[in-house]
Amino acid sequence: MGKLPPGVSASDFAAAVQLFKAAVGEEWVLTSDADVDPYRDTFSTVWGTPEERVPSGAVSPTTVEQVQAIVRAANRYKIPLFPISTGKNFAYGGPSPNLDGSVIVDLKRMNKIIEVDEGRHFALVEPGVSYFDLYRYIQDHGYKLWIDCPDPGWGSPVGNSLDHGIGYTLGFYRDHFGAHCGMEVVLASGEVMRTGMGAMPNAKSWQDYKYGYGPDPSGLFAQGNYGIVTKMGFRLMPQPEYYRTGMITVPKRQDFIQLVKTVNYLSDSFLIGEPIYGSPLRALMGNAAFRETLDKPAGPTDAEMDKFASDNNLHSWDVELQFYGPEKTCLATWEYAKDRFAADIPGAKSYEGENLKVPLTPRQMQNIDSPYPTGIRRNVAQGFPSLGVWKMLGRTSGYPDSDGTMQGHAGFIPIVPRTGEAVFEAQRVFGDTMKEFDLPRFGSALGTPVEWYQFAFQMGFVPSTSKTNPEHNLKVHKALRQMTEVAAEHGWGDYRVPPIYQDFVVNTYSFNNHVLRRFNETLKDAVDPNGILAPGRGGVWPQRFRGMRKI
Ligand SMILES: Cc1cc2nc3c(=O)[nH]c(=O)nc-3n(C[C@H](O)[C@H](O)[C@H](O)COP(=O)(O)OP(=O)(O)OC[C@H]3O[C@@H](n4cnc5c(N)ncnc54)[C@H](O)[C@@H]3O)c2cc1C
């Protein structure tokens, strides 16, 4: 068995386990070391150290009534629970809890697709339904609907959205929590609550209007710990008739500022999907003179960067635009975009990409004839789940550990304003900070318009789970904390982190003497007096465990 929860005796824990077994059946309560091990965070930066958060066991229900029974048993013996849906939250803690000794409530077996409405464009699902499951269901039924998935398709709409996860099609759908429409939650009392129109018995429009009437508490359940979500609705995108792409390039470094403004205009006018920014200058990273210029204390000048671009016959920036809809409107919007960039930015050039009729052929789905042969981002932008990204950022690639294996990454993703100026500043500030740490890292070091209206400045740190390399992990751990602090000094807050960094990040959201955290914890104590639901999640600690906060 893993660690016991703090303040819980072995006999109380054993009594709770008996009640869990009575609720779900003996074989679905796991307490042996071998069974509990997979609920550790295999990407952990503190693997095998006293700081690692390790559960004591896991229980896996199949019905709402079983979830209620688990919660009631946990209340009786004051056992902290940690609910997960498919538990694939890698880079942000995997399935591991905030509090050592928590019992994982593994909802994978609650995997019913309750309803998909092709005319009103929504799905209502249980937590264990993965993106692959939902995609297959829609295909099997011939519905003309698309899902918006994160890079790895083995996660779940419920789990991903409850950690504010993101996708890659049109802005509205990319914000997975924003695109939810109604939820059912088992509260700490064991009662079942429905949000929005679902609060009305026999509601005919639960998934049509997520607010219902009065205060809407649904935001409390994402990156929070006020309930166990057992059903959730999601808006689905009508299958577009066409998918079209085009690329815009601009010659000079400073052109990035107007490039972002024009893209923001197209995006906020609902004309394009996710814009994908890039720079061919990244190909010069192997060039010693280029690296030296980048590493100068104040960073490179515009003239130096422009010279590297012109000497190498390269443009400075590009953005790939994606259009969804009828063939004629996709073409008309692309024509409009080309004119607009040409008028806004001297020297802007446009290049045709793909124009694909949907549904795609199997060959197109594999990107065989595409100008984008890796297809990693392509699939998710085209509405179907994949595990392609795993090749790039999973445990099989990246930075080799001392035993030759690769060990995933821990995300560091501060939110910066959606402007070119902000990206330049973030590049300079984070570049300078990272020079202190001799660490391999990856990431766009460029804004990604995650959830539409902001840039997520994506960086990843590569830990080592090999016990032979603890010094490396310590360095990663220190770098992550320092980067969070530096980001906060500049007004940039991280949007999503593994449990061991959550207190630290929440501590940077300190406006008016941490009133937000105090408000959340006042609510927590009122609705979960025994502090049994995911103590510490989102930096919200119940009274009973408040001393466990680590900042
Ligand atoms: C290479 C790589 C690429 C990635 N790309 C993306 C990406 O493009 N977009 C993205 O968003 N993420 C990405 N991730 C992160 C992660 O893999 C996904 O977000 C994944 O979908 C999360 O796992 P899950 O869906 O199984 O959620 P879970 O692990 O089940 O849930 C996440 C958290 O939500 C809470 N929770 C879950 N279910 C419930 C419930 N029913 N009730 C109450 N609380 C609950 C828990 O605290 C849990 O820890 C990536 C990770 C890697 C390693």
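Both ligands and their constituent atoms are indexed starting at 1 by order of listing.
- Remark: ligand 1 and Tyr131 share no N or O pair separated by less than 3.5 Å (distance only, no angle test).
- The distance between the ring centers of Phe13 and Tyr77 does not fall below 6.0 angstrom.
- No heavy atom of Trp154 sits closer than 4.0 Å to any atom of ligand 1.
- The distance between the ring centers of Phe455 and Tyr277 falls below 6.0 angstrom.
- The side chain of Phe43, and not its backbone, has at least one atom closer than 4.0 Å to an atom of ligand 1 (non-hydrogen atoms only; side chain from C-beta on).
- Between His164 and Phe177, a ring centre-to-centre spacing shorter than 6.0 Å is recorded.
- Ligand 1 has no N or O atom lying under 3.5 Å from any N or O atom of Ile228, backbone or side chain.
- In summary, of the residues considered (Lys108, Arg109, Lys112), a salt bridge (Lys or Arg N to Asp or Glu O under 4.0 Å) with Glu126 occurs for Lys112 alone.
- Between atom 35 (C) of ligand 1 and the options Arg174, Arg496, Arg537, the minimum heavy-atom separation is to Arg537.
- Contact annotation for Thr230 and ligand 1: no heavy atom of the residue comes within less than 4.0 Å of the ligand.
- No option in Val64, Val71, Val192 other than Val71 meets the side chain to side chain contact (heavy atoms under 4.5 Å, CB included) test with Ile228.
- Here's the thing with Pro150: none of its N/O atoms is less than 3.5 angstrom from an N/O atom of ligand 1.
- Annotation: Tyr501 is not in aromatic contact with Phe412 [ring centroid separation under 6.0 Å not met].
- The six-membered or imidazole ring of Trp146 lies away from that of Tyr243, with a centre-to-centre distance of 6.0 Å or more.
- The shell of residues lying under 4.0 angstrom from ligand 1, judged by heavy atoms, excludes Pro95.
- If you number the atoms of ligand 1 from 1 as listed, the ones under 4.0 Å from a heavy atom of Tyr92 come out as 15 (C).
- Looking at Gly159, Ser85, Pro83, it is Pro83 that brings a heavy atom closest to atom 48 (C) of ligand 1.
- Geometrically, ligand 1 and Gly87 share a nitrogen or oxygen pair separated by less than 3.5 Å.
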